[in-house]
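Order of listing sets the numbers, starting from 1, for every ligand and every atom in it.
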Amino acid sequence: MSEEINVYFDFALELVKTAGNLILEFRNGCSHFEQKSSDIDLVTEVDKNVEKTLIDGLSKKFATHKFIGEESVADGAKCILTDDPTWIIDPVDGTLNFIHGYPQSCISVGLTINKEAVLGIIYNPILNLLYTAKKGQGAFLNSKQITVSKTKALDKALISFEAGTSRDEERKRVMFENFKLLVEKCHGVRTIGSAAMNMANVALGGSDAYFEFGIHAWDIAAGDIIVREAGGVCIDPSGGPFDILSRRVLCASSAELAQELATTLNQFYPERD
Ligand code: LIP
């Protein structure tokens, strides 16, 4: 199995690096965009071109593999996860950042087999940050092994979360309540506008935990394995097992911190992917 994963990984990595050049052309921002589910859920030609580059390349090489791509789903493709090898792709995670020229955007590619992520690649070409992981082989930033922090308690933790791309009233209410709670209880809070970059920061040990309600499988597939291979945990924000299609994620440097954060948070349950 690990030989097989190496083959998939090496091929995908070259494609991701090539596609990163499409993002670099607009490193200072991109003024042309369209609206998707809300006026803050946006897409650019770059999102579409990166996804096409990746899916065309991977499907030519691995003809039996399946795909879940953010922009393909937005265009009507079904978001179906089976036991087959499935590439889960966010061509530009942090699209709003990308549009503004805020340099926290990346390509996020995960591969699941039997519904479990076996490799992950998160590539921010603007800041030259390449996070990678393969099952059982550790997590790396620009080829140097990384590990999560040793933080176990919420009052010592730096916590990341996101406001998200939906204007749903109930979701906003929960988000504001959690923001207030965390400002009072933990060391600090951060929000950078990219689920994948948030998860990479947890894997790196820079942030101690990240949670979000309303993300999609493509935002978190790569981050899931990168965090776990760095020694961290990914769970449901209620404390239960991680479910990639639930549109809910909580990852942390330790099981203790993950559970403490889970019991502290107000919960929101979006419609599943
Ligand atoms: C976005 C995430 C962001 C999150 C949004 C959205 P996109 O992805 O990276 O962290 O808050 O809900 O999912 O749309 O830029 O690929």
- Item | Numbered atoms of ligand 1 (with element) below 4.0 Å of Gly193, judged on heavy atoms | 3 (C), 9 (O), 10 (O)
- In the protein, what heavy atom is nearest to atom 9 (O) of ligand 1, and what distance, to one decimal place, separates them? Asp93 OD1, 2.6 Å
- Message: I'd like to know if Asp155 and Lys185 make a salt bridge, using a cut-off of under 4.0 Å between side-chain N and carboxylate O.
- Response: no
- Query: Which is it for His216 and ligand 1 at heavy atoms under 4.0 Å: side chain, backbone, both or neither?
  - Reply: neither
- Item | Distance-only polar pair, side chains of Asp41 and Gln35, donor-acceptor under 3.5 Å | no
- Message: Parallel, tilted or perpendicular: which one describes the rings of Tyr8 and Phe62, with boundaries at 30° and 60°?
- Response: perpendicular
- Kindly indicate, with the supporting measurements, whether the criterion salt bridge (charged side-chain N to carboxylate O under 4.0 Å, His left out) is fulfilled by Lys180 and Glu184. CA-CA 6 Å; Lys180 184 170 183 295; Glu184 281 161 2; 3.4 Å; yes
- Message: Looking only at the side chains, is there a donor atom on one of Asp208 and Thr151 sitting less than 3.5 Å from an acceptor on the other?
- Response: yes
- Look at Glu212 together with Arg248 and state whether they make a salt bridge at an N to O cut-off of under 4.0 Å. no
- Under 4.0 Å from any heavy atom of Glu162, which atoms of ligand 1 are there? 10 (O), 11 (O)
- Which ligand 1 atoms does Glu212 reach within 4.0 Å, using its non-hydrogen atoms? 4 (C), 5 (C), 10 (O), 11 (O), 12 (O)
- Task: Answer with side chain, backbone, both or neither: which part of Thr165 has a heavy atom less than 4.0 angstrom from an atom of ligand 1?
- Result: both
- Message: Residue-level breakdown please: for Asp47 versus ligand 1, do any non-hydrogen atoms fall below 4.0 Å on the side chain, on the backbone, on both, or on neither?
- Response: neither
- Short version for Asp219: what comes under 4.0 Å of ligand 1, heavy atoms counted, is side chain
- Query: Side chains of Gln137 and Ser2: do they bring a donor and an acceptor to under 3.5 Å?
  - Reply: no
- May I ask whether Leu42 has any heavy atom positioned less than 4.0 angstrom from an atom of ligand 1? no
- Short list, please: which atoms of ligand 1 are under 4.0 Å from a heavy atom of Ser194? 9 (O), 10 (O)
- Item | Residue Asp90 vicinity, atoms of ligand 1 by number, heavy atom under 4.0 Å | 16 (O)
- Message: Please tell me whether Asp47 and Thr44 have a donor and an acceptor in their side chains that are separated by less than 3.5 angstrom.
- Response: yes
